[in-house]
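Data first, discussion second: the structure below is written as structure tokens.
Heavy-atom basis, side chains included; hydrogens, waters and symmetry copies ignored. We name chains A, B, ... by the order of the sequence lines, and we start the count at 1 in each one. No experiment lies behind these values; they were computed from the predicted model shown.
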Amino acid sequence: MTFRKKVLEIVKKIPKGKVMTYAEVAQAAGLPKAWRAVGNILSKNKNPKVPCYRVIKSTGEIGGYNRGKRKKISLLKKEGIKIKNSASGAGLLIN
DNA sequence: CGTATGACGTGCA
DNA sequence: GTGCACGCCATAC
């Protein structure tokens, strides 16, 4: 079980309507200091079953998305999460 | 095997 | 409040 796969598993287990930060995912994967790699892995994530859009930065920022940050925001909004500011503002509301 | 990179995080100016 | 720089880990080439 590589760290990469573990991270993907964790992200897959994220409940609907909820979000996790890269740091949280890394911690859940067993390497709380590997959030760096988490982002890197998700960026190269080729598994469509992984809702990588539910993973955000610890600062509350959206971060980025393979298919465009815009799309990520839309998906999160559908889940009940609204984005206050996508830049520096760092604000997302959960319902 | 070694180097470079990245969807980050925190600290400091 | 905003901007810049450093540090960290795993993956890719």
For a 4.5 angstrom cut-off between non-hydrogen side-chain atoms, does A:Lys18 reach A:Arg54? no
Would you say the side chain of A:Val55 lies within less than 4.5 Å of the side chain of A:Ile14, judging by non-hydrogen atoms?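 In contact.
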Taking the nucleotide of DNA chain C with the nearest heavy atom to each, does A:Trp35 or A:Asn40 sit closer to the 5' end?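 Final value for this comparison: A:Trp35.
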In whole angstroms, how far is the [atom2] atom of [N] from the [atom1] atom of [X]?
X	N	atom1	atom2	result
A:Met1	C:dT11	CE	P	13 Å
A:Leu8	C:dA10	CG	C1'	12 Å
A:Phe3	C:dA12	CZ	P	13 Å

Rounded to the nearest 0.5 Å, what separation is found between the CD1 atom of A:Ile73 and the CD1 atom of A:Ile56?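 If I round to the nearest 0.5 Å, the distance is 11.5 Å.
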As an exercise, state the distance from CG of A:Leu75 to CZ of A:Arg70, rounded to the nearest 0.5 Å. 10.0 Å
Test item: A:Lys6 side-chain N/O and A:Met1 main-chain N/O as donor-acceptor pair under 3.5 Å: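 Looks like no, no N/O pair under 3.5 Å.
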Please set out all donor-acceptor pairs under 3.5 angstrom arising from side-chain atoms of residues 38-46 of chain A, sequence neighbours excluded.
from    : atom 1 : to      : atom 2 : distance (Å)
A:Asn40 : OD1    : A:Lys44 : NZ     : 2.7
A:Ser43 : OG     : A:Asn40 : O      : 2.3
A:Asn45 : OD1    : A:Asn47 : N      : 2.5

Tell me what A:Leu42 touches on the nucleic acid: a base, only sugar-phosphate, or nothing, going by heavy atoms under 4.0 Å.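 Counting heavy atoms under 4.0 Å across all strands, the contact made by A:Leu42 includes a base.
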At a heavy-atom distance below 4.0 Å, which nucleotide of DNA chain B is the first touched by chain A, and which is the last?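 Both ends considered, the range comes out as B:dT5 to B:dG9.
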